[in-house]
There are 2 protein chains.
Amino acid sequence: MMLSKKTKYGLKALTFLAKVKDREPVQIAEIAKCENISQKFLESILLTLRRNGLLGSKKGKGGGYYLIKEPNEIHMTTVMRVLEGPIAMVPCVSLNFYEKCDDCPDEDECSVHKLMLQVRDSALDVYRNNTLADLL
Amino acid sequence: MMLSKKTKYGLKALTFLAKVKDREPVQIAEIAKCENISQKFLESILLTLRRNGLLGSKKGKGGGYYLIKEPNEIHMTTVMRVLEGPIAMVPCVSLNFYEKCDDCPDEDECSVHKLMLQVRDSALDVYRNNTLADLL
DNA sequence: GAAATTCCTATCAATTTGGTAGGATAATAA
DNA sequence: TTATTATCCTACCAAATTGATAGGAATTTC
């Protein structure tokens, strides 16, 4: 249940980019250096953030990554789903990736289901109430 | 961020034992069969639950595992910490296993820290408000 | 004693994670 | 047009974790 480094680094990079004036492109190397992140690893993270519509990029000299939306429009639900995957800790309580447990005959009678439903709701509550702007 | 099978199975076993009349010992084999769990894997899980004071055991014929407390005295905070480990998703927001991030100069300025603090609090809130009895 | 059952250690295959390598592609500037 | 700069992309790899198995030691009951 640890947060992956991918998510941690991704969040840090987003925060970094949110502070940049005029949304000018910032190079991977600079973010990596400032945030103490392996450059190549960060490269792959920024790539997935771009592919998922959170970042824009520009190639060549003066290129780099930049935020594509305003920080207050970037919800943590989106960020977490893109970087960390489903918010639910078991597929049987997932909103977007629901899957029935093959070992569990009746969800309504399952203690794991009951507990994890509450955990999911409380986590969702946090993620829905935080945008990137709230974390600056 | 998935719930481990260890925790899932452990919770199911605890629930199972909570329903047993008079706290009579139940054999590993029976729990494993009823809950569709690999017996040997469950064996190791029940062992750690016993070592952490959640279960009692009895050897030989008529032996098995049994709850050592009443279900309403078994808090999910304890269960989760024993089975899944720290509730916090990053060590720098952990109550019981705090550790400073080596890459992060200032916690108060860290977006990951800010967000994960809230997530920890909300998860803690759920676990504190649920005992085993609440999941039956 | 024999049988039943937990206790314990060691091991293992599969998956996930964090990270690296190296070149392809595109944009800019000379 | 050519060199430079930077992202893009695929593949790969080592270490850690996870879920599970094996096999016997210890203990209790009959």
Side-chain angles (χ1 to χ4, degrees), chain A residues 1-13 17 20 24-33 35-68 83-86 89-91 101-103 112, chain B residues 1-13 17 24-33 35-68 82-86 89-91 101-103 112:
Chain A
M1 284 216 341
M2 283 276 290
L3 193 73
S4 68
K5 300 220 164 181
K6 183 179 171 189
T7 303
K8 187 181 173 188
Y9 295 161
L11 254 176
K12 287 203 169 196
L17 290 173
V20 172
E24 297 225 326
V26 182
Q27 296 164 30
I28 301 173
E30 191 185 338
I31 307 177
K33 197 180 165 196
E35 299 290 341
N36 296 306
I37 305 173
S38 146
Q39 178 168 341
K40 272 295 193 179
F41 189 26
L42 180 61
E43 193 179 317
S44 70
I45 296 168
L46 295 178
L47 206 50
T48 70
L49 287 173
R50 197 217 50 175
R51 284 177 174 151
N52 284 278
L54 290 168
L55 294 181
S57 67
K58 199 186 159 195
K59 287 183 182 176
K61 183 155 190 180
Y65 284 94
Y66 50 90
L67 278 195
I68 225 174
L83 292 172
E84 191 76 14
M89 295 207 298
V90 275
C101 294
D102 43 358
D103 58 320
V112 178
Chain B
M1 281 212 344
M2 283 274 292
L3 192 74
S4 68
K5 300 221 166 181
K6 183 180 171 189
T7 303
K8 188 181 172 188
Y9 295 162
L11 253 176
K12 288 204 171 197
L17 290 173
E24 298 224 326
V26 182
Q27 297 164 29
I28 300 173
E30 190 185 339
I31 307 177
K33 197 181 165 195
E35 299 288 342
N36 296 305
I37 305 173
S38 144
Q39 178 168 343
K40 272 296 194 179
F41 190 26
L42 181 60
E43 194 179 315
S44 70
I45 297 169
L46 296 179
L47 206 51
T48 70
L49 286 173
R50 196 217 52 174
R51 283 175 175 153
N52 283 278
L54 289 168
L55 294 180
S57 66
K58 199 186 157 193
K59 286 181 181 175
K61 183 157 193 179
Y65 284 94
Y66 51 89
L67 280 195
I68 225 174
V82 164
L83 292 173
E84 193 74 13
M89 295 207 297
V90 275
C101 295
D102 43 358
D103 57 321
V112 179

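Note that these values count all heavy atoms, side chains included, but never hydrogens, waters or copies made by symmetry. Residue numbering restarts at 1 for every chain, and letters A, B, ... go by the order of the sequence lines.
We find that NZ of K5(B) is positioned 12 Å from P of dT15(C), with the value rounded to whole Å. Remark: P of dG18(C) and CG of L83(A) are 12 Å apart, rounded to the nearest angstrom. A straight line from CD1 of I45(A) to P of dT17(C) spans 12 Å, rounded to a whole angstrom. In this structure, the CD atom of Q27(B) is 14 Å from the P atom of dT29(D), given to the nearest Å. The separation between E30(A) atom CD and dT7(D) atom P is 11 Å, rounded to whole Å. The CD1 atom of I28(A) sits 12 Å away from the C1' atom of dC9(D) (whole-angstrom rounding). The separation between M2(B) atom CE and dG19(D) atom C1' is 13 Å, rounded to whole Å. Rounded to an integer number of Å, the gap from CG of D103(B) to P of dG18(C) is 12 Å.
Between R50(A) and dC9(D) there is a side-chain N or O to OP1 or OP2 distance below 4.0 Å. Note on Y9(A): a side-chain N or O is less than 4.0 Å away from OP1 or OP2 of dG19(C). When the side-chain nitrogen and oxygen atoms of R51(A) are compared with OP1 and OP2 of dT7(D), none of them lie within a distance under 4.0 Å.
Residues I45(B) and I37(B) are not in side-chain contact: their nearest non-hydrogen atoms beyond the backbone lie 4.5 Å or more apart. Contact annotation: the side chain of Y65(A) approaches that of R50(A) to within less than 4.5 Å [non-hydrogen atoms, C-beta and beyond]. Two residues are said to be in side-chain contact when any heavy atoms from C-beta on lie closer than 4.5 Å; C101(B) and K8(A) meet this criterion.
Remark: side-chain polar atoms of N36(A) are paired, donor with acceptor, to backbone N or O of D103(B) under 3.5 angstrom.
Remark: S57(A), K58(A), K59(A), G60(A), K61(A), G64(A) in residues 54-64 of chain A come within less than 4.0 Å of DNA chain D through at least one heavy atom.
If you run side chain to side chain contact (heavy atoms under 4.5 Å, CB included) between L67(B) and each of L17(B), L49(B), V26(B), only L17(B) comes through. L55(B) pairs in a side chain to side chain contact (heavy atoms under 4.5 Å, CB included) with only one of the listed residues (L46(B), T48(B), L47(B), I68(B)), which is L46(B).
Atom CD of residue Q27(B) and atom NZ of residue K33(B) lie 11.5 Å apart, to the nearest 0.5 angstrom. Note that CG of L83(A) and CE of M1(B) are 11.5 Å apart. Values are rounded to the nearest 0.5 Å.
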So which protein N/O to nucleotides 20-22 of chain C N/O distances come out below 3.5 Å?
| residue | atom | partner | partner atom | Å |
| --- | --- | --- | --- | --- |
| dT20(C) | OP2 | S38(A) | OG | 2.8 |
| dG22(C) | O6 | K40(A) | NZ | 2.3 |

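I28(A) and E43(A) get closest at one heavy-atom pair: CD1-CG, 3.5 Å.
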